[in-house]
Amino acid sequence: MKKSRTDFWFIFWGSFIFLTTVWFLNLSQYLVVIAFLLYIGAVSLYVNNIALGLALGALVAFCIQTGKTYTFLMLSPGMVSPERFPEGYSISVSLTVNHIISILIACFIAHGVFTKKYNDVKIILLDLLIFGFFFWVWLTALFGSNMPEISTLYAILSLSILIKYVFFRLHSSLIHKHRRVIFTIITAMLLFESVVAIIQYMYGSPLAKSIESQKYFEIFGGGATDEMEFVFRPLGTFRHTNYLAGFIALVAPVVVALSFWKKNVLYFRIYLTALIASGLTLSRGGWIALLPHGVMFYSQIISASQRVMLKMGLWSKIILSSILLTLFFVVVFPRLIKSLNIYSSDISNGLGVRLAQTENAMRLISLNPLFGVGAGMSVIEGYNLEPDGVMWSFPSPIHNIFALILVENGIPGLILYISMLSYMLFKLWASINPRRKETTMIRGLCCTIIAACIIGLIQPYDFLELILLLSLIYI
């Protein structure tokens with residue numbers, strides 16, 4: 001048991017130091033790919049298992065959401081608000097290290113199929129739902145989109161998620177056996193993103209340390225700030241601060257559950273650090289998405305907090321309490337109050353723009369109920385429908401992933417998407433047994449799926465890849 005624990009912490013600190021080093025050195029996208037290939041090789045040798053090394057590498061690479069980017073101008077300058085979008089509206093597709101790893105995984109799967117390694121794998125309902133959903137994404141790209149060449153690009157890149165899902169399914173027993181290692185990696189990722197976010201906030205900039213050069217870092221960081229006391233909203237290594245907040249909301253339940261399962265105070269301290277980082281993002285959706293696990297583990301969180309406080313000195317308690325109170329009254333409370341102003345036309349204020357987006361989306365759905373408008377086309381079609389409407393002042397996909405899938409992939413696409421989430425949540429919830437030692441972890445994963453649904457109601461992010469990989473540990 002002692003050697004096993006040492007292995008966990010070696011992988012934890014090794015992964016954390018690896019991500020921090022790559023971020024600090026600000027490597028080019030090609031060197032990032034090489035660094036991750038070396039990481040996968042080193043981990044595979046350490047755990048003496050190539051499949052597990054690929055799985056852990058795929059998880060760690062989730063932190064990298066940018067890469068070789070191709071931009072397409074969709075609305076010329078002057079067609080949208082010149083004050084906020086003087087260069088017009090463009091969409092971009094990125095080839096990231098995630099896709100490179102997916103190609104390696106696809107080759108590994110092909111070798112296993114050729115050698116008849118997976119003959120005993122049984123098909124479950126979730127497999128049919130996943131393949132059905134991605135098949136429908138392709139159909140909508142080909143038959144629903146007015147620009148199939150654009151929608152097909154999105155469909156091709158989304159295959160990365162499908163490939164990773166197939167890989168995790170085919171190695172489900174291996175994933176379940178080494179679930180503690182996976183939870184350790186997830187914790188290292190959460191600590192890394194939290195530390196980066198706090199450093200970014202302290203310096204009021206991304207410090208030019210964004211894993212790789214990101215053209216729009218300043219726009220989504222400084223330009224998205226609408227609170228006078230903030231000069232930069234931290235993004236971690238993601239494209240948008242709301243994405244970072246969503247990531248924290250999804251992973252925090254897993255880490256806090258792990259702290260209760262293993263009774264380790266370090267996990268809980270990492271969890272508290274993540275909560276501070278979440279507060280600094282100013283993301284209301286991220287804060288709301290933290291509530292489910294707060295309710296689920298309320299008594300345990302309070303008890304753990306008390307134990308942490310008892311070990312602290314008087315001045316440490318005063319400083320920590322001051323930080324938390326300041327975060328709440330200066331950041332959280334005013335930000336939540338702003339959300340109640342539904343009549344504001346300011347894109348950084350209230351629900352007014354979201355309601356206008358919803359009205360525009362509903363009209364698109366009524367015109368394209370079966371195939372939708374195709375991936376990446378919701379803004380263009382929304383603009384064509386109402387050139388002087390919300391897409392002129394705020395050309396952005398509707399801030400609701402369920403409505404976005406409905407608009408882009410039609411009613412069948414939404415049904416398949418909801419069915420996937422429902423199946424995973426039902427299977428996990430049904431496996432909860434008070435006599436089972438890992439019931440706490442399963443409850444944490446249930447909170448992760450619920451948090452993803454809450455984020456999806458407020459932001460155009462689905463986190464499907466992360467949800468699928470984590471849920472398969474116990475399904």
Side-chain angles (χ1 to χ4, degrees), residues 8 55-56 58-60 62 124-127 129-130 161 164-165 167-169 171-191 193 245-264 267-268 270-271 274-275 278 286 288-301 304 401 417-456 461-475:
F8 294 142
L56 298 181
L59 275 175
V60 174
F62 184 82
I124 62 176
L125 178 59
L126 183 59
D127 300 334
L129 293 173
I130 294 291
I161 300 175
K164 291 177 184 177
Y165 170 79
F167 177 74
F168 270 64
R169 269 285 292 126
H171 297 87
S172 56
S173 58
L174 176 70
I175 299 304
H176 180 75
K177 178 181 178 181
H178 295 280
R179 57 196 179 281
R180 175 74 189 282
V181 179
I182 293 177
F183 292 143
T184 299
I185 290 288
I186 290 293
T187 306
M189 293 165 59
L190 181 63
L191 177 62
E193 293 293 347
F247 172 78
I248 292 174
L250 264 67
V251 175
V254 177
V255 175
V256 75
L258 184 62
S259 71
F260 300 145
W261 176 33
K262 293 301 177 181
K263 297 180 174 57
N264 192 311
Y267 292 133
F268 191 76
I270 293 173
Y271 165 76
L275 294 186
S278 178
I288 296 173
L290 288 169
L291 294 178
H293 87 272
V295 174
M296 179 78 74
F297 300 117
Y298 175 77
S299 60
Q300 292 167 291
I301 291 175
I401 192 61
Y417 182 76
I418 294 177
S419 298
M420 287 189 295
L421 296 179
S422 301
Y423 178 88
M424 289 184 286
L425 184 58
F426 173 78
K427 292 294 289 186
L428 287 172
W429 193 266
S431 64
I432 292 178
N433 187 338
R435 298 179 181 178
R436 190 173 181 177
K437 293 182 179 179
E438 299 179 36
T439 291
T440 300
M441 293 304 306
I442 298 175
R443 287 176 176 170
L445 291 175
C446 288
C447 292
T448 291
I449 297 177
I450 296 172
C453 293
I454 294 175
I455 289 291
Y461 310 133
D462 58 22
F463 293 97
L464 182 60
E465 176 181 344
L466 192 59
I467 297 171
L468 287 172
L469 301 187
L470 289 176
S471 298
L472 285 177
I473 295 175
Y474 289 106
I475 293 180

Any L421 side-chain heavy atom under 4.5 Å of M424 side chain: yes
Trace of the side chain to side chain contact (heavy atoms under 4.5 Å, CB included) decision for H176 with S173: CA-CA 5 Å; H176 180 75; S173 58; 5.8 Å; no
Heavy-atom distance under 4.5 Å between the side chains of Y271 and L190, does that happen here? no
Are L466 and F247 packed together at the side-chain level, in the sense that at least one heavy-atom pair is separated by less than 4.5 angstrom? yes
Taking the side chain as everything from C-beta on, heavy atoms only, tell me whether L464 gets closer than 4.5 Å to M420. yes
Is a side-chain N or O of T439 found less than 3.5 angstrom from the main chain of N433, in a donor-acceptor match? yes
Do Y474 and L428 have side-chain heavy atoms sitting under 4.5 Å apart? yes
When you measure from the side chain of S259 to the backbone N and O of V256, does any donor-acceptor pair fall under 3.5 Å? yes
Do the ring planes of F62 and F463 sit parallel (below 30°), tilted (30 to 60°) or perpendicular (above 60°)? tilted
Test your reading of the model: is there a side-chain donor-acceptor pair from H171 to the backbone of F167, 3.5 Å cut-off? yes
Does the side chain of L291 reach to within under 4.5 Å of the side chain of I454, using non-hydrogen atoms? no
Quick check on the 6.0 Å ring-centre criterion: do Y423 and F426 meet it? no
Hey, does the side chain of T187 reach the backbone of F183 with a donor-acceptor pair shorter than 3.5 angstrom? yes
Using modelled atom types and a 3.5 Å cut-off, is there a donor and acceptor pairing between side-chain atoms of T448 and backbone atoms of L250? yes
Non-hydrogen side-chain atoms of L59 and L469 separated by less than 4.5 Å: yes
